[in-house]
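Naming: A, B, ... by sequence-line order, numbering from 1 per chain.
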Amino acid sequence: MSQQIQAVRGMKDILPQETPLWQRVEQTLRDTFSAYGYSEIRLPLAEKTELFQRSIGEVTDIVEKEMYTFEDLNHERLSLRPEGTAGCVRAGIEHGLLHNQIQRLWYMGAMFRHERPQKGRYRQFHQAGIEAFGMEGPDIDGELIAMTARIWKSLGVTSLVLQINSLGTLAARQIYRGHLVEYFNGHREALDEDSQRRLTTNPLRILDSKNPDMRELILAAPQLSEHLDAESLAHFERLKTLLDSAGVLYTVNPRLVRGLDYYSKTVFEWVTDQLGAQGTVCAGGRYDGLIEQLGGKAAPAIGFAIGLERLLSLIESQAGLPAPQPPHLYLLVAGEHAERAGVKLVESLRDALPGLRLVMNCGGGSFKSQFKRADKSGARVALLLGDEELAKNIVGVKFLREERAQQEISMDNLAASLRELIL
RNA sequence: GUGGGCGUAGCUCAGUUGGUUAGAGUCCCAGAUUGUGAUUCUGGUUGUCGUGGGUUCGAGUCCCAUCGUCCACCCCA
């Protein structure tokens, strides 16, 4: 065993038992995105490292220590994408999709972060995301949030709650950040080790500390909401009105801070208490400055990403795995003649009955062992083809899941009979 | 990067204060039933006890190291 090559730490295989749920969730997402008028964009898994440094932020953990970065053979620094927004904006600028235009895009796929794996967190994980460009009002913010709410509804997910906040414009946040640093610097001795480090990296994060010893200090700290610019305040108020109209429940969490540098104004998270420490299933926000920062013509933008492993895990804990789709039919063949006739038969059945799930026994075996495989396959009906059936030009039909007499059906109208029987 | 729990058959797990040849269930194969599954009965296959070292007459069991895994911190979807 020790000699066996194992999967890379934190990179999971998605096994046949789990893929039906993945397919269902992916289909629901595609359908919902499409219903709101969003188009799919497919992006490379790797980008130039600089793209992530310039968008996500130089001093974030993601860029500092979590990226899979390597040097290409021509000495270019590349990174596997740790999130989807940067690549999407890069592609949008590169192909002129964002120049004076409204654009509604979605993507889905694998992301990579070199973190220590734990529940709901993996080194290769999957996100489905939306990016909406060219719309500055809160109406598009509301649309995105309503769309996420609809996705939970379609999937039967009930244990998610919505938290929203406004970070204000970048300028307003810089000013607030100054006040906050000044305040915490005045109480440096009361800060724990993590928060002393955050003071220089991301002081807003201190507000979200889980350390109960710092609770009072945090409660007395300057509030972001008191330092918001008038424009952001109005934007936030209108968003709340829109959410009320759409019937989406929310709580305002003034300590909700997104980790990535590019966010401004609206931020939101859908969280659950059912997944241990990694409770954020979906998170997003507005990033009005990013396009210009990456060299495009300035344009407003907002997006979100859903962590698929977390969403799947939530659905699984609530509803379990969906039933797999077993074959309708399993064909048993005994003898060389029957094998040849069987191949001909299954191909004609596939022609006549599109959508038919039919497994033909391969690998020989006695009727007994073939029946065992038929049963294990989950098929509702076993078809028998042996020398006796060939001689009479019929196929034996045995029901594996119900009390029902075995039948003999003529080869000539087998397709028509099976259509009635099982489809 | 830091801390804690756990590594025994393909899977789920038991294994006594250290004591002979490491077990159960399940799965798989064969037979009971010469062309009939699932149920029942009988028989059979399956192991570097994660890996390396140490203590001991003797280690799955104790010690050290290491790797893997899970959970938590940090951070994030």
Side-chain angles (χ1 to χ4, degrees), chain A residues 1-10 12 15 17 56-57 59-66 81-85 108-129 148 160 192-195 197-198 201-202 205-206 208-211 257-260 268-272 275-285 303-314 330 332-335 338 361 365-390 396-403 406:
Chain A
M1 284 298 276
S2 63
Q3 306 285 321
Q4 289 285 326
I5 296 177
Q6 294 178 299
V8 175
R9 163 179 268 214
K12 315 258 290 182
L15 300 175
Q17 199 191 9
I56 297 169
V59 295
T60 56
D61 277 14
I62 292 179
V63 166
E64 270 191 337
K65 51 193 187 192
E66 293 176 0
R81 61 184 187 187
E83 54 102 53
T85 300
M108 185 149 53
M111 307 293 163
F112 302 85
R113 288 181 202 174
H114 194 271
E115 300 176 272
R116 191 87 165 247
Q118 72 183 76
K119 188 180 179 67
R121 190 170 68 187
Y122 309 100
R123 289 186 174 179
Q124 175 176 332
F125 62 104
H126 297 80
Q127 287 186 337
T148 53
L160 286 171
D192 61 20
E193 199 180 323
D194 282 332
S195 292
R197 179 175 45 77
R198 290 181 183 119
T201 58
N202 192 347
R205 268 275 158 217
I206 301 176
D208 217 9
S209 170
K210 292 177 186 171
N211 188 345
V257 179
R258 309 287 318 119
L260 282 42
F268 64 94
E269 278 191 13
W270 287 92
V271 297
T272 179
L275 293 179
Q278 259 60 45
T280 304
V281 169
C282 170
F304 67 77
I306 299 170
L308 294 186
E309 279 81 0
R310 291 180 187 181
L311 177 58
L312 275 274
S313 161
L314 196 56
Y330 189 101
L332 286 65
V333 287
N361 187 79
S366 64
F367 261 99
K368 185 188 179 71
S369 63
Q370 292 196 39
F371 262 109
K372 281 193 176 185
R373 288 179 209 153
D375 182 58
K376 196 180 169 188
S377 78
R380 181 172 163 218
V381 168
L383 299 180
L384 281 80
L385 192 56
D387 291 339
E388 288 175 25
E389 286 79 8
L390 273 182
V397 174
K398 171 158 180 168
F399 292 85
L400 297 172
R401 324 258 153 228
E402 54 210 293
E403 288 294 331
Q406 188 166 328

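- Taking atom CG of Asn361(A) as the reference point, atom C1' of G37(B) lies 12 Å away to the nearest angstrom.
- Rounded to whole angstrom, the span from the CZ atom of Arg205(A) across to the P atom of C75(B) amounts to 6 Å.
- The NZ-C1' distance, from Lys376(A) to C11(B), rounds to 12 Å in whole Å.
- Listed by first residue number, the stems of RNA chain B with at least three Watson-Crick or G-U pairs below 3.5 Å are B:1-7 with B:67-73, B:10-13 with B:23-26, B:28-32 with B:40-44, B:50-54 with B:62-66.
- Residue contacts for Gly120(A): at a heavy-atom cut-off of 4.0 Å it reaches a base atom on one of the strands shown.
- Using a 4.0 Å heavy-atom cutoff across all strands shown, Gln278(A) reaches at least one base atom of the nucleic acid.
- Contacts of Lys398(A) with the nucleic acid, taken as non-hydrogen atoms under 4.0 Å apart, include base atoms.
- A salt bridge is defined here as a Lys NZ or Arg NE, NH1 or NH2 lying under 4.0 Å from an Asp or Glu carboxylate O, and Arg401(A) with Asp375(A) meets this definition.
- The aromatic ring of Phe367(A) stacks onto the base of G35(B), its centre lying under 5.5 Å from the centre of the six-membered base ring with the two planes under 30° apart.
- Heavy atoms of Leu332(A) sit nowhere under 4.0 angstrom from any nucleic acid atom.
- If you take CZ of Arg123(A) and C1' of C75(B), they are 13 Å apart, rounded to a whole angstrom.
- What separates CZ of Arg116(A) from P of G4(B) is a distance of 11 Å, to the nearest Å.
- Counting heavy-atom neighbours within 6.0 Å of Glu402(A) CD, excluding the residue itself, gives a total above 12.
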